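Here is the structure we will look at.
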Amino acid sequence: MYRPARTAAWSAGLVVLLIAVVLASAALGPVRIDPVTVAMATLNAIVVPAGVTVGSASVPVLGISVPAPGLEYAAVFSFDVPATRQIIVADIRLPRIALAATVGLALAAAGTVMQGFFRNPLADPSIIGVSSGAAAGAVAAIAFPALVPFGGLHLSAFVGALATAFLVYAIATDGGRTPVATLLLAGVAVQAFLGAMISYMLVHSGDSLREAVFWMMGHLNNSQWSDVAFAFPITLAGVLVLCAFRRELNVLLLGEEDAHHLGIEVERTKLLLLVLASIITAAGVAVAGIIGFVGLVVPHIMRLVVGPDHRILLPTSAVAGASFLVVTDTIARVGPAVVPVGIITAALGAPFFLFLLTRREVHSV
Amino acid sequence: MTDADRREDTRESEVGPEPVTVSADGCSLAFGDLSVLEDVSLTIEPGEFVGFVGPNGAGKTTLLRLISGALTPDIGSVTIDGVDVHDLSSRASSRLVSVVPQDTTLSFSFPVRDVVEMGRHPHRSRFSSPTPADHEAVERALERTRTADLADRPIDEISGGQRQRVVLARAIAQETPVMLLDEPTASLDITHQVETLELVRNLVDEGRTVVAAIHDLDLAARYCDRLVVLADGGVARDGAPSAVVTSDVLAASFDATAVVTPNPVTGTETVTAFRADCDEDSLPERVHVLGSGTAAGGVVARLEAAGIEVTLGPVSSGDAAAEAARSIGIDPLETEPFTRLSSEEVDSAGRLVRDADVTVLADFVVGTGTRTLLPVLDESESLVRIETGPFEERNAGSGAARNRYESYRERALEVPQRRVLDAVTMVFEKSQSNPAASADSTDG
């Protein structure tokens, strides 16, 4: 029977691995920094809310500035680290590493959920068109900034992703029921349509073609703490709520009718899983572009290691996905040629997946 | 046993949900233009084991799915314990009704115990770990379905029959007062069929209300308290097995010709069905069977089921053929065993052969007792012969009798036993189309 201790042990082990990977990654780069300094600089970067200030910040509403509560942060640790090293670690490398971990967490968790939800080993986080929607939004924002009035690239991609997921869901829903097969096919069709739209925009993107294509390859260059501040809270909240529905995911594997007879409000649960998985995927894709294979391969690898039970599979896949993307992004960043991480994940992930496929059958979810 | 007694019993046994009533009231359901159920009303009493029987496509599964709440009737309602199932949340209904579906294919490799544990889902809150009560329910369910030794095997690596028992275990672990089973024995071998239905019977005796679609009429008659025959989207018959499993009901509902005989071991109804694809107009009205043993008995039953008037004899009393004939209401011409046939007996046999359109020789034994019978075969030109073993084994007569029988053998159309109806029809048609030949030969 399911043993919570096993899940705790695996999760803790993978979290330790993630921390090690993060510290190792932060040590690597054009400037080599020894691990101790990295650890100290990382700890120095940790801040906690130290107090609430009212009125010091103001938010303009209807042209009038009104006082708003703001948080004051204070550093917890103050190790003695040379200023340049502190800046390299805390302001240049760590934001990118943290963002890689966040996006990996989101994609692997969403991939696990989608594979279970669709009972299909080929399902990935963007199976219902989230990535295509994000790409359409991003390319539109890059190529035709004037057409996207509501702000930056990230927001445009995020909104495009969620709008697409909603559209696919609405198309596939009939009379309060959403058959997963219809959902899957609607996703494929909408993705094809968006693919055409994206190509059209690229053709007419002129000078911004390079930037648009680079975005679509998926990269974490120029990551800022503000990107992490956008993606991490959404991802963390989403993954935690998904984790609360792990048992439902298991029972849904039996099929919807059986799940109903075992006390699951099938349509409501499906909607919730789909919404959460789409939101965390959208958050990840919005900040990092389309990074393939993480959400497909990591859940399969973890399924081979810990088994198909979502109670252990979902948290371990999520944390493993974070490590996987930190490692691949480090390779992208410090490797012989600086390339978008999306190229590395696919170039490493695909052969590894094929290796698994030929060694052990990946025939079920 | 009164209900009060039953409840008292229930409290003492290990699992005892309060018995509840299930009723369907005027339910109709159509899939598109295809009406599947029409105005079905049914009340299932607490602690009753009701079997749904009927031909394929009669709506057994659909009615079960209506009762479980998986389908909503277009008209009418289903209530469990007085509450409309469609007003219940999934969680509430899953605490009342457990379902063992027909298709139990699972394409993921959870250990068997974890699949059974899913039956506890309705009883658990979101963030709690399994309680000792959950563990006990799971282990008990594994024991009762004899799947405990499979508990750690992945569900996708056990056989279909084992999987069916695991899904039953899941339903037992759910501890609901009502259980719905769709063909729970479909992929089980004969031992496990009986074992599973004995178990279901015990669950009923503990106070559960059980409704099962069972295609095996013999098993349904043996274990159910009540059978509901569904045919053409409605209830064709509803009652105790002995009242429902009759050849008339089966003919009307299953469009089958069948013989219902009491099972000598269990005493419950046993159904032997035959193909019902012959054209009734081309059948002979009357067929006489000469022979012995199960070959003759089988022929009698087969022809009788097709609606032909069958006569049998002479046959030794106590012969399997005589027993078979009597069990389906045919009075054979019986003789004392091991004695020479009297001339009256030979005359009666001759009359029966003459009156019949076709005569079937089924494992006819040539011996001292039957030698005198051979001339009566001259009375019939339309002979069909069935021999289940080599002729020599049944030949105890003299050389002359054997030679005479050989001539009849050659005139008769030989077929295997299962083809007897076709052969009888063929021989009869031939004699009808060529009456002159028949007359000539009789004259000669």
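From a predicted model like this one, the values you see are computed outputs, not experimental measurements. All chains are named by letter (A, B, ...) in the order of the sequence lines, taking the proteins before the strands, and each is independently numbered beginning at 1.
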Select one option (side chain, backbone, both, neither) describing which atoms of [X] are under 4.5 Å from chain A's heavy atoms.
X	answer
Pro111(B)	neither
Ser68(B)	both
Arg95(B)	neither

For [X], I'd like to know if atom [atom1] has over 12 heavy atoms of other residues, nucleotides or ligands within 6.0 Å.
X	atom1	answer
Arg91(B)	CZ	yes
Asp174(A)	CG	no
Arg146(B)	CZ	no

Quiz item: Can Glu257(A) and Val99(B) be said to form a side chain to side chain contact (heavy atoms under 4.5 Å, CB included), step by step?
Solution: CA-CA 10 Å; Glu257(A) 198 163 317; Val99(B) 178; over 6 Å; no
Quiz item: Between CD1 of Ile155(B) and CG of Leu254(A), what distance do you get to the nearest 0.5 Å?
Solution: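 So the gap between those two atoms works out to 9.0 Å.
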Quiz prompt | Between OG on residue Ser94(B) and CG on residue Asp258(A), distance to nearest 0.5 Å | solution =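 If we round to the nearest 0.5 Å, Ser94(B):OG and Asp258(A):CG are 12.0 Å apart.
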Exercise. Can you see which heavy atom on Asp309(A) is nearest to which on Phe110(B), and at what distance?
Key: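 Looking at all heavy atoms of both residues, the shortest contact is CA-CZ, 3.6 Å.
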Quiz item: Just wondering, do Met118(B) and Arg247(A) contact through their side chains at under 4.5 Å, heavy atoms?
Solution: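 A side-chain contact under 4.5 Å is absent here.
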Self-check item: 4.5 Å side-chain heavy-atom contact, Asp114(B) and Arg311(A)
Solution: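 Asp114(B) reaches Arg311(A) side chain to side chain.
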Self-check item: Contacts of residues 259-270 of chain A with chain B (heavy atom under 4.5 Å)
Solution: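 Counting heavy atoms that sit under 4.5 Å from chain B, the residues of residues 259-270 of chain A involved are His260(A), His261(A), Leu262(A), Gly263(A), Ile264(A), Glu265(A).
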